[in-house]
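Data block below; observations after.
Note that these values count all heavy atoms, side chains included, but never hydrogens, waters or copies made by symmetry.
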Amino acid sequence: MYRFPLVSRSGRIRRLVAEHRDSDISRVELLNLPGGAECFELAAKFCYGINFEITSTNVAQLCCVSDYLEMTDDFSKDNLGSRAEEYLDCIVCKNLEMCVEVLQQCENLIPLADELKIVTRCIEAIASKTCAEQIASSFSRLEYSSSGRLHMSRQAKCDGDWWIEDISVLRIDMYQRVITAMKCRGVRPESIGASLVNYAEKELTKKSSLWNQSNQNKVDSNSTLHEKLVVETIVSLLPVEKLVVPVNFLFGLLRSAVMLDCAISSRLDLERRIGSQLDLSTLDDILIPSFKHSGDTLFDVDTVHRLLVNFCQQEDSDDDLEDGSLFESDSPHSPSQSSLVKVSKLVDNYLAEIAPDANLKLSKFLVIAETLPAHARTVHDGLYRAIDIYLKAHQGLSDLDKKKLCKLIDFQKLTQEAGAHAAQNERLPLQSIVQVLYFEQLKLRNSLSTPNGDDDIKPMHASWRISSGALSAAMSPRDNYASLRRENRELKLELARLRMRLNDLEREHVCMKRDMAKSGSRKFMSSFSKKISKLSIFGQQSSSRGTSSPSRNSHRTDSKVIERTCASTE
């Protein structure tokens, strides 16, 4: 009689007992029973009429064990299977927290829970619930502005994202399926991003020993594999939209991916995402430690180089997509140019930070400095500072290597302070110092030739920068050399004119002294009157003849007439 309740409600037990009807069996072996002894105990209590409560913590086990034991309505009305299914559909799927609890219980019931669609129903319920909550929250945030327009209130911005903390307790495989379902339902990318950040912070900060190099050999390999799986999964779940997750979070994922040796596809995806918003990064973000520990550099320079390449490619693609953007990108007020300027300052600070590293090769330093286009740096003070630090830390460089470094600097773009420092910097090659002095001389010449104020200096300075081919990226080296020679000739001619003028003044001064010594004051006045008359004669000739100049013969005749006139007066 003790077997009758089990046999009457369980199809599997009834079949096992029927197979051994001839022998009096007292033991039935149930292999691979889902949920183990605890679940069988609940099923037995149900068969024997012992009351117990179906909850979100045991409904998944009851569904699985009832399916295993074949406790369906075909063998008994209102059997355990139908009771558990009714509770799952009517109670659990109406409540998000209960769905999360059921998914936690299903983690140990795979694959049977999947076959019974317990997991699918709970995931769809969570996605539907969050989407509905988000829509309701959006309507509640609508309000009228002072101008009478509807807009979203910034207060209570995250009211519809209360579920983020609830689903963060799920295992990574369950969490991945939930987020994927939410994306299909149309949950906001910002909410998806916030959930990913929250989940990563919880899962990746638990194993802080991974960052401790002294305990690296003692780290459990299982935990390392778990973190690797978490990083790769979160990267695959990142929304395609920009700015939905902070850029420092992406850098944190990238550091973890490098440290855990994640899949190449995950690392490349992160580098592409970071490159598209590199202008929002800080120096601390791009200072990625090197985890090779094989006498390499302190920082991962190769990864930063790939980030810069992605940034430049992103800029190029944006320019190609927009008509007329090529003209706008040259403007200092365009968004692309402003992002280039920000990244150039970031790169210069990065170069200055890694320059003291004794293991940093010149080729790696050069490839980082040369990645950005020439128009990205409006001022070259930061680049000059980084190169000066590198020269100070690597004093064994050859003259050829020093010249390669200094070719990166546009000495026209140095400020007055940086130019003065470079002119006295003994670490620079002599050719670079000459260039600095040359451009400083040109700046001085331009400032002296435009005494009317800053408004006149700026156009001449700009025109000089365009006409000067010394370090222009738009001209070939041959054109640059020809332009330099032409400017040198002009300077020499100007200097020769000044010397001739100075000689004339000195000669006149000597003549005046000699005349004063011979004839006294009267003779001096006579000489002075000669000069005045000479000037007046030239004035009359120029006014009478227009633009034509007097001949040498007329000049001599006029001089004789003047001398005779002066003699007769004496």
Side-chain angles (χ1 to χ4, degrees), residues 283 332 340-342 344-356 362 365-366 368-370 372 374-473 475 480-481 483-488 490-492 494-495 498:
L283 180 60
L340 276 173
V341 172
K342 290 180 181 178
S344 67
K345 293 179 180 179
L346 180 66
V347 170
D348 292 345
N349 292 331
Y350 177 76
L351 289 173
E353 196 71 25
I354 66 174
L362 177 63
F365 187 93
L366 289 174
I368 294 294
E370 293 175 340
L372 295 178
H375 65 274
R377 293 182 175 91
T378 56
V379 179
H380 274 222
D381 287 12
L383 181 60
Y384 166 71
R385 172 174 167 265
I387 290 177
D388 186 40
I389 294 175
Y390 189 85
L391 291 174
K392 187 184 297 183
H394 301 79
Q395 298 182 4
L397 287 177
S398 63
D399 292 338
L400 181 60
D401 291 338
K402 291 181 180 180
K403 289 180 181 179
K404 288 181 180 179
L405 271 176
C406 294
K407 280 183 179 179
L408 299 173
I409 306 174
D410 187 348
F411 292 102
Q412 301 181 70
K413 296 182 179 180
L414 292 181
T415 60
Q416 185 177 0
E417 294 79 9
H421 185 276
Q424 301 176 0
N425 193 345
E426 297 179 354
R427 288 182 289 272
L428 296 180
L430 181 60
Q431 182 181 2
S432 299
I433 297 177
V434 171
Q435 281 184 318
V436 174
L437 295 174
Y438 170 73
F439 291 124
E440 290 298 319
Q441 182 184 11
L442 284 182
K443 290 179 182 178
L444 180 61
R445 172 188 171 188
N446 286 331
S447 62
L448 292 176
S449 62
T450 54
N452 295 329
D454 294 338
D455 295 338
D456 296 333
I457 293 176
K458 289 180 181 178
M460 179 168 289
H461 181 68
S463 63
W464 164 74
R465 291 181 64 85
I466 295 173
S467 62
S468 174
L471 291 174
S472 176
M475 300 177 66
N480 286 335
Y481 180 72
S483 177
L484 275 177
R485 293 190 62 182
R486 184 170 56 254
E487 291 177 1
N488 283 333
E490 293 175 359
L491 286 175
K492 287 179 180 179
E494 183 69 21
L495 185 59
L498 291 175

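When side chains are defined from C-beta on, Q412 does not count as touching L442, because their heavy atoms never get closer than 4.5 Å. Taking 4.5 Å as the limit, some side-chain heavy atom of E353 sits within range of a side-chain heavy atom of L283. A heavy-atom distance below 4.5 Å is not found between the side chains of Y384 and T415. For the pair L383/K413, no side-chain contact is recorded, criterion being any heavy-atom separation below 4.5 Å from C-beta on. With contacts defined as side-chain heavy-atom distances shorter than 4.5 Å, the pair L397/L405 qualifies. The closest side-chain heavy-atom distance from I389 to P356 is below 4.5 Å. Residues K404 and D401 meet the side-chain proximity criterion, which asks for heavy atoms closer than 4.5 Å. A heavy-atom distance below 4.5 Å is found between the side chains of L391 and L428.
Note that the CG atom of D348 and the CD1 atom of I387 stand 9.0 Å from one another [nearest 0.5 Å]. Put simply, SG on C406 and CG on L430 are 11.5 Å apart, with the number rounded to the nearest 0.5 Å. Note that CZ of R385 is 14.0 Å distant from CG of L414, once rounded to the nearest 0.5 Å.
Applying the side chain to side chain contact (heavy atoms under 4.5 Å, CB included) rule to K342 yields the partners D279; only residues at least two apart in sequence or on another chain are considered.
Closest approach of A355 and H394 over heavy atoms only: O-CE1, 3.1 Å. Of all the heavy atoms in F411 and S432, the pair that sits closest is CZ-CB, 3.7 Å. Summarising the geometry of A422 relative to V436, their closest heavy-atom pair is CB-CG2, 4.0 Å, with the distance given to 0.1 Å. L351 approaches A386 most closely through the heavy-atom pair CB-CB, 3.6 Å.
Aromatic ring centres of F365 and Y390 lie closer together than 6.0 Å.
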Next on the checklist: Please determine whether side chain to side chain contact (heavy atoms under 4.5 Å, CB included) holds for the pair E417 and D381, giving the CA-CA distance in whole Å, both sets of side-chain angles, and the decisive distance to 0.1 Å.
Outcome noted: CA-CA 9 Å; E417 294 79 9; D381 287 12; 5.6 Å; no
Next on the checklist: Does I433 form a side chain to side chain contact (heavy atoms under 4.5 Å, CB included) with N425? I'd like the steps, not just the answer.
Outcome noted: CA-CA 8 Å; I433 297 177; N425 193 345; 5.8 Å; no
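Annotation: salt bridge (charged side-chain N to carboxylate O under 4.0 Å, His left out) contacts involving residues 386-396, sequence neighbours excluded, comprise D388-R427.
Between the side chain of H380 and the main chain of I409, no donor-acceptor pair closer than 3.5 Å is present.
Remark: K345 NZ is loosely packed, at most 12 non-hydrogen atoms of other residues, nucleotides or ligands lying under 6.0 Å away.
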